[in-house]
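Counting begins at 1 with the first residue of the sequence. Whatever order the structure lists them in is the order used to number ligands and atoms, beginning at 1.
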Amino acid sequence: MIEAQKLSKLYGSFRALDKVSFQVRRGEVVGFLGPNGAGKSTTMRILTCFISASDGAAKVHGVDVFDDPLQVRRKLGYLPQRAPLYGEMTVWDYLRFAAEMRGLDDSAFRSRMKTVVEVCGLAKVLGKDIRTLSHGYRQRVGLGQALVHDPPVLILDEPTSDLDPNEKAEVIRYIKEIGKNRTVLLSTHNLSEVEAACARAIIVSKGRVVADGPLDDIRARSGKVRYVVTVHEKKVYEGGEGYRDSARKPPTAEEVQEALRGLPGVLTVRELPTDDSAHSFELAGPLGTDVRADIFQLIVQKGWLLLEMRRETQTLEDVFKALTRGDERADRGRALLNDEDDDHASPAAAAAAAASEEEDDEPEDEDESEEEDEDESEEEDKAAAEEDDESDEDEEEDASDEDDASDEDEEEDASDEDKGKKKD
Ligand code: ADP
């Protein structure tokens, strides 16, 4: 239903997207994850025909976004980061306006509204002016606008940013409901939302796809399991016939660490901070193994007192951090300029590099050295700043209500300022 093939986007000479490829199949709700600046909105704007790609191809519902953008727009509902709302309109009038824009006649609109109102929880606010609504309700109206023409594909760009935790949970509940019979691509950097609403995720970092697959596969990507083992620092085990040994002393941290390190299947042992009543360690072992029985045997043998032992696979958050650490615009410039960048020395960067190599069947070194010359760096920043005024952006903002428009202006100014700082 959504297909991106080697999409690249240059803002001036700044490469915001670099050969991004993925597919979203019918009926899937896919989380599109990545830190700020990773290229999520850029990808979504290309897929929704707001901006064009510099290279590559994309299809929505089998239709090419470059060849037939009108047909693509008919097939999709899009909720940009800031919903394009008109504050002076009532919710009902605004949704009717959105429906008219989509070519629905009055009776089609009325019958469609039954579902939209229910799915987005809008019954109580239909007669209210949009400007009087809370952020959460505004997002729901935005969702309503994206759904009013009953599109088979929905593209939602950070629909829950700016919402309080209760509003977030509500909007995610509505998205799950909507996703029951539609294809949804949902961008966010909130991992718990992805875990709540999506079975699959695509992670982007520095304009590239670094992971794509079911959440369990992504979690397993680190290839490791983690254990936490805590033993008493002041007491030893005293129970059981024939077990008492008055000469036995509580262990030092070094003794525990040494003993754990000696267990087969334990790759690393790291001391965790504790108060002065316990020694606590984090162990890592290969995925698919379980050394808890060995740990228990060891502790019994030594006569130590076990306070805690747990085993956990890495969380989505661990993997996300490992794959995307250091993904900031300035950092990206540096990484592309210098292959020996110190980022690459860290395990996280190594994981990210390994991941992106796995995803991309093209050799990448070539592009990086060819296109990201040191001489180009100044030009790059200048061009990127100029591109801020892109007419596409204006187009999107024109649709906003007055309040929102002024918010947007502020935001644009702020981001210009940011860029100015980064340039310095
Ligand atoms: P995300 O949605 O993941 O936060 P974006 O797609 O908005 O990321 O941005 C990706 C990168 O492209 C960022 O470094 C951003 O500053 C840059 N960028 C986005 N839009 C423009 C633009 N119109 N002009 C110049 N640079 C831009």
Taking only Lys NZ, Arg NE, NH1 and NH2, and the carboxylate oxygens of Asp or Glu, determine whether D217 and R200 approach each other closer than 4.0 Å.
-> no

Sequence neighbours excluded, the answer for ring pair (Phe, Tyr, Trp, His ring centres under 6.0 Å) partners of Y137 is none

For ligand 1, which atoms sit closer than 4.0 Å to a heavy atom of K40?
-> 1 (P), 2 (O), 3 (O), 4 (O), 6 (O), 8 (O)

Residue A38 vicinity, atoms of ligand 1 by number, heavy atom under 4.0 Å | 1 (P), 3 (O), 8 (O)

Ligand 1 N/O within reach of G37 N/O, cut-off under 3.5 Å | yes

How far apart are the C-alpha atoms of I155 and I2, what are their side-chain angles, what is the distance that settles it, and do they pass the side-chain contact (heavy atoms from CB on, under 4.5 Å) test?
-> CA-CA 10 Å; I155 294 188; I2 303 176; 4.3 Å; yes

Given L185, which of L156, V29, V30, T43 fulfils the side chain to side chain contact (heavy atoms under 4.5 Å, CB included) condition?
-> V30

K168 atom NZ, over 12 foreign heavy atoms within 6.0 Å = yes

Selection residues 277-287 - residue pairs positive for side-chain hydrogen bond (donor to acceptor under 3.5 Å, both in side chains), sequence neighbours left out = T230-S280, R270-E282, D275-S277

Under 4.0 Å from a heavy atom of N36: give me the atoms of ligand 1 that qualify, with their elements.
-> 4 (O)

Does ligand 1 have any atom that is closer than 4.0 Å to a heavy atom of G39?
-> yes

N or O contact, T42 vs ligand 1, cut-off under 3.5 Å = yes

Per atom 7 (O) of ligand 1, closest listed option by heavy atom (S205, P35, S41) = S41

